[in-house]
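Scroll down for the structure; my scribbles are underneath it.
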Amino acid sequence: MSVFENLREGKSYNVRDEEYLREAHGEFDRCAHICHLINNTDPLEKARIIELERELFNGNLPEQTFLTPPFQIDCACRVFLGKNVFANHGLTVMSVGTVTLEDGVMLGPEVGLFTVNHEPKNIRVIFTKEIRIKKNAWIGARVNILPGVTIGENAIIGTGSIVTKDIPDNAVAVGNPARVIKIIE
């Protein structure tokens, strides 16, 4: 099993572990380099940006999916994108624990998706929990989604919210921590 699969299955890693350093940091370096190239490409060179985004996601960039530079993704091999996904500028994804964005997901500016955390008694030890954002969910500007959260289908997360718990389908959630304020019929 790879480090990424072990993390997804609940294993912790010391960030100084040789296997972790080799595998995870190899991917971090690859992604940092490609994100740098994307973020420094003229915005009018859309074909070049899409070509680089395909490279970032190892050829797996679905139809009509686009991430607006600048953005930073640390572990693109653990990001799974559906069709017609859109992310506005300033996206930050710490995805070593896996992020799935299903078809039609829209992310506002400066959204943060964080799948990794540290053991309080030994901050050199990390563990992860997957983030899943289901079909047609809309995530407002400057929303932060924490490890282990699932956002339901057609849900809306209000600007500036910090999502610490799952949000059901068709819900509107806002605040810090985010809480459901209504269900869309």
Side-chain angles (χ1 to χ4, degrees), residues 1-9 11 13 15-117 126-151:
M1 261 193 178
S2 74
V3 165
F4 305 117
E5 291 164 339
N6 286 334
L7 283 164
R8 192 169 185 206
E9 294 296 317
K11 182 176 180 182
Y13 275 94
V15 295
R16 296 178 183 145
D17 177 279
E18 282 187 41
E19 180 185 21
Y20 178 83
L21 287 169
R22 182 179 55 257
E23 191 170 343
H25 282 264
E27 176 68 358
F28 298 160
D29 292 345
R30 183 188 80 82
C31 292
H33 173 70
I34 297 171
C35 286
H36 171 78
L37 294 174
I38 291 167
N39 294 337
N40 288 287
T41 299
D42 186 315
L44 297 177
E45 294 183 44
K46 291 190 187 325
R48 175 69 176 143
I49 292 169
I50 291 169
E51 174 187 323
L52 288 165
E53 287 183 359
R54 278 195 185 101
E55 182 180 345
L56 180 65
F57 294 105
N58 298 308
N60 299 318
L61 187 67
E63 178 182 320
Q64 299 299 310
T65 289
F66 186 76
L67 310 179
T68 306
F71 59 81
Q72 190 60 46
I73 298 172
D74 69 351
C75 194
C77 74
R78 300 309 305 164
V79 175
F80 301 95
L81 299 169
K83 295 177 187 171
N84 203 28
V85 169
F86 174 78
N88 214 319
H89 66 276
L91 177 66
T92 299
V93 183
M94 295 182 72
S95 53
V96 70
T98 304
V99 169
T100 301
L101 305 177
E102 294 183 2
D103 296 348
V105 167
M106 292 192 55
L107 305 172
E110 299 179 17
V111 166
L113 307 175
F114 306 102
T115 67
V116 66
N117 209 337
I126 65 159
F127 60 92
T128 67
K129 292 183 181 175
E130 182 174 358
I131 291 173
R132 176 175 295 276
I133 303 178
K134 293 186 176 181
K135 289 181 182 177
N136 300 313
W138 175 19
I139 311 302
R142 296 190 174 139
V143 168
N144 287 304
I145 300 175
L146 300 186
V149 169
T150 295
I151 305 293

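Index from 1, following the sequence.
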For a quick test of reading the model, state the closest non-hydrogen atom pair linking [X] to [Y] and the distance between them.
X: Ala76; Y: Ser95; value: N-OG, 4.3 Å
X: Phe4; Y: Ala24; value: CZ-CA, 3.8 Å
X: Leu67; Y: Ala87; value: CD2-CB, 3.5 Å
X: Ile131; Y: Ile145; value: CD1-O, 3.5 Å

Euclidean distance, [Y] [atom2] relative to [X] [atom1], rounded to 0.5 Å:
X: Leu91; Y: Asn88; atom1: CG; atom2: CG; answer: 9.5 Å
X: Arg132; Y: Phe80; atom1: CZ; atom2: CZ; answer: 9.5 Å
X: Asp103; Y: Asn136; atom1: CG; atom2: CG; answer: 7.5 Å
X: Glu51; Y: Glu53; atom1: CD; atom2: CD; answer: 11.0 Å
X: Leu101; Y: Met106; atom1: CG; atom2: CE; answer: 12.5 Å
X: Ile34; Y: Glu55; atom1: CD1; atom2: CD; answer: 4.0 Å

Just wondering, do [Y] and [X] contact through their side chains at under 4.5 Å, heavy atoms?
X: Glu23; Y: Ser2; result: yes
X: Leu113; Y: Met94; result: no
X: Ile151; Y: Ile139; result: yes
X: Val85; Y: Pro62; result: no
X: Ile133; Y: Leu107; result: yes
X: Asn58; Y: Cys77; result: yes
X: Phe127; Y: Leu7; result: no
X: Pro109; Y: Arg142; result: no

Is [X] salt-bridged to [Y], going by a charged N under 4.0 Å from an acidic O?
X: Arg30; Y: Glu27; result: yes
X: Glu19; Y: Arg22; result: no
X: Lys135; Y: Glu102; result: no

Counting N and O atoms only, with roles assigned by atom type, does the side chain of [X] sit under 3.5 Å from a partner on the main chain of [Y], one being a donor and the other an acceptor?
X: Thr92; Y: Gln72; result: no
X: Asn39; Y: Cys35; result: yes
X: Thr65; Y: Leu61; result: no

Next item on the list: Evaluate whether atom NE2 of His33 has more than 12 neighbouring non-hydrogen atoms of other residues, nucleotides or ligands under 6.0 angstrom away.
Entry: no
Note to self: Using the side chain to side chain donor-acceptor pair (under 3.5 Å) definition, which of the options Lys129, Glu130, Arg78 pairs with Thr98?
What the structure shows: Arg78
Next item on the list: Using side-chain contact (heavy atoms from CB on, under 4.5 Å) as the criterion, point out the one residue from Leu56, Val93, Val111 that pairs with Phe71.
Entry: Leu56
Item checked: Audit row: Thr68, Phe66, side-chain contact (heavy atoms from CB on, under 4.5 Å) steps and yes/no -> CA-CA 6 Å; Thr68 306; Phe66 186 76; 3.7 Å; yes
Check: In terms of the angle between their ring planes, are Tyr20 and Phe28 parallel, tilted or perpendicular, with boundaries placed at 30° and 60°?
Finding: perpendicular
Note to self: Please evaluate residues Leu81 and Phe57 with respect to the criterion side-chain contact (heavy atoms from CB on, under 4.5 Å), reporting the C-alpha separation (whole Å), side-chain torsions for both, the decisive distance (0.1 Å), and the verdict.
What the structure shows: CA-CA 9 Å; Leu81 299 169; Phe57 294 105; 3.8 Å; yes
